[in-house]
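Letters go in sequence order (proteins before strands), and every chain restarts at 1. No experiment lies behind these values; they were computed from the predicted model shown.
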Amino acid sequence: MPLSTSSSRARGRLARLPVILAAVFCAFVLAESGIWNNAWWLTFLARYAGHDSDMDPAWVTASVRLLPRDNPDPPIVLLGSSQVREGLDAGSLEASLGGRRCLNLGLSGGSPTDMLAVLADLDARAPRRSLVIGLSPQMFDREPKSPFVRFRDMPMIARTCPWGDGKAPDMARMLVAASFCNLSPTLRHKDSIVELIDNLEGRLPEALAFRLPPFERFKSMNEHFLSEEAFMRRVVELKADEIGEEREWMGVQGAAFLRLLRAESGRGNPVLLFDFPMRLGSDGIFHGPLESFYWDFLKEGDGIPGVAVAEPGAFAGLDVRFFADVSHMNASGRRAMTLRLSELLNRQGL
Amino acid sequence: MLFNTLDFWLFFAAVLLGCLALRPSWRNPLLLAASLFFYGCWDWRFVGLLLFTGLCDWILAQAIARDAPLGRGRRWVVLCLTINLGVLSVFKYFNFFIGSANALLERLGMSPLGAHMEVVLPVGVSFYTFQSISYIMDVYRGRIAPCRSLPDYMLFVCLFPQLVAGPIMRATILLPQVQRPRRIRWTSVYSGLSLAAWGLFKKMVIADNLAVIVEKHFSGVGDPGPGGIHAGVLAFAFQVYCDFSGYSDIARGTARALGFRLIRNFRFPYLAPSITDFWRRWHISLSTWLRDYLYIPLGGNRGGPWRTARNLFLTMLLGGLWHGAAWTYVLWGAFHGLLLALERPFRGRALHATLHEASSPAQKALWLGRVLLTFHLVGLGWIFFRCENIVGLGPMLMGYLSPLGWLGLHHAAELTALIAPLMIIEFLQYRFGREDLAALLPAPARAAAGLVAIYAFIIFARFESNAFIYFQF
């Protein structure tokens, strides 16, 4: 609220000002810490996160912070985009791997910079972990998201992001916004909280009492798949969308991905990379520099100690009826994909 | 560079730090450069237009001051008004009048004029034109000496907090502040930034969230019945208030932090018990400008009730047209002019009484009844203001006037959640007669209130950089 000036009372207020500002600051820091380490709140978030992309920051925070600190068995962490989120069932995988904890942290529009942020959060709870990363070319041309940029990755992003062609103000804005998100977890989760309020409209009392069933993290809960005609139409649309794309984020995402692999390798954490399958007939959607950049990266990753790339045939030949659309699995596809991954993990001894 | 963007606050921080670091004599050049940069961020081409009209006004003001005692100042005033209103007409009204003429000619079966200009409206042109005109008229009337320093005059016109949407400052108030060395006090910085923060809260938390509801109902997506229309109008009444008063608070706050005092543009307008009182509380810098430079020169209340009514009506009609080049704004102005003219014969102390003057419960109830009636009449006017064209007015007006509108209470929860905090704070400010309510609280309560405000802002503010409604004028 505004305060008036002048007069001796104003001077008196000024004298109290640092105390009030310090009190507000301390209260804010304490509140932030209290809220974002509160088990009830984190459980609530995890339960009602659902699959909306705005809920991703909340899902990651809740999933990671609810991990027990002293877990002797390193968890398996599934990373990637919505293909991973939709295509792999962490619960089934956990069961098929003898109860070893699995976390599916695949994010909508996920990219290597997002993964770096997820791993930074995981450092406190699970410094020892096995990573399974499902990749696709488009992940390497995505703008970093402010809630998923951590302070420690900012210099790398600042060095590699596209500052030219009049984009400097946008880049600066993105980095400043990310800095604010680092300073306040509530700000980082702002979109998640707003989405949660919208999703729970009229059902909040039930949700607060945990009487409302948890929201499903998978978007595709049935066996729906596209007809051949609809699929071909979608492929044509996607190919048209890709024409003229500037591919300006390849530098940032490439650097982020290498940083991730080297960091995990340096810690002795095993990493398994695999090209996440798309429905048969999707070839050629991502063409030109992005496609070659992507495959070069997979090759480069393969050369880093502790990093393995799944054999090309590991996920080949998946039935077209397993795909809800061009790249995302439906329920039966998820079952098939999870089964194949568990077999692969057993073969790799991960 | 909108006030509700990160860019502006980084810019403002740099300017404030620069002013704090520099000697007072260097502050005006820095502020002028910063103001031109700020304006140039919209469109560099219009900086030239701003400088051109500013230079013309500055030169002509010297001529007016020189020749006015000799009785020859009038021609310079006419020239000055021609330049300023000419620029305004070309950029803002040319297409409107040509379009209206063409529509009329087509109806009469005649061929249209065909002239149409592809022009972009220079942001803030209505505001700085009126500010310049007030300066010229005050010089002509001998109320103020012409400014001898061109940079000082340009800073008076261009000072960035008030450049694009007011308050429309009088030279008698702002120019002396520009000309004298200013000390920047920490108390001013703190109180200015607090005021700006409250303005940002009003804009980004209340107005921008109400905008979603308003859009839904005015675009026909929401409940098309009277209840939905009532909800949409109510939401718009508070949206436009929070949007514009939020802007004004940010302007006043940032100016205060830089050592300037801008006038208060809003004074609890929705607690006005009459339309006359509403206009004493709403967009005060414009309503007083219209009173001093249009209504009074037209004759004011001299010349009997009919002439007074005519002058009121014409003033408000032109005031409506000032807002935008569209018939809906003209109708909005005409509606208010009509209300003012109708209210005029019943004017008296009771009509403008404040809550403080009401001593008995019956008087308080009467005051409340008048406030509610005034609010609903103003709300009716907002329909003209908000509708994009005349075609859309009919159903909205019918819906709003329908007694069934009160059945739309199922929309109330959403609206109340957004409006209630504002209403409580504003009512307390009004009741205690001070803007700085927080100063009444003990330090722990202020800290707690600050914490709640921070969380409300983080969670509910919309960071999409929505433009302020009045920027289009």
Checking [X] against chain B: side chain, backbone, both or neither under 4.5 Å from a heavy atom?
X	result
A/Phe180	side chain
A/Ala172	neither
A/Leu30	neither
A/Glu201	neither

Tell me, yes or no, whether the heavy-atom count around [X] atom [atom1], taken from other residues, nucleotides or ligands under 6.0 Å, exceeds 12.
X	atom1	value
B/Phe37	CZ	no
A/Phe25	CZ	no
B/Arg185	CZ	no

How many angstroms lie between atom [atom1] of [X] and atom [atom2] of [Y], to the nearest 0.5 angstrom?
X	Y	atom1	atom2	value
B/Phe460	A/Ile197	CZ	CD1	4.0 Å
A/Cys181	B/Ile458	SG	CD1	10.0 Å
B/Asp7	A/Arg173	CG	CZ	4.0 Å
B/Tyr455	A/Ile193	OH	CD1	9.0 Å

Measure distances from B/Asp249 to the heavy atoms of chain A and classify the residue's part below 4.5 Å as side chain, backbone, both or neither.
neither

If you tally heavy-atom pairs under 4.5 Å against chain A, which of B/Leu193, B/Leu10, B/Ile454, B/Leu451 wins?
B/Leu451

For A/Val176 and B/Trp9, run side-chain contact (heavy atoms from CB on, under 4.5 Å): C-alpha distance rounded to whole Å, both residues' side-chain angles, the deciding distance at 0.1 Å, then the answer.
CA-CA 12 Å; A/Val176 174; B/Trp9 290 99; over 6 Å; no

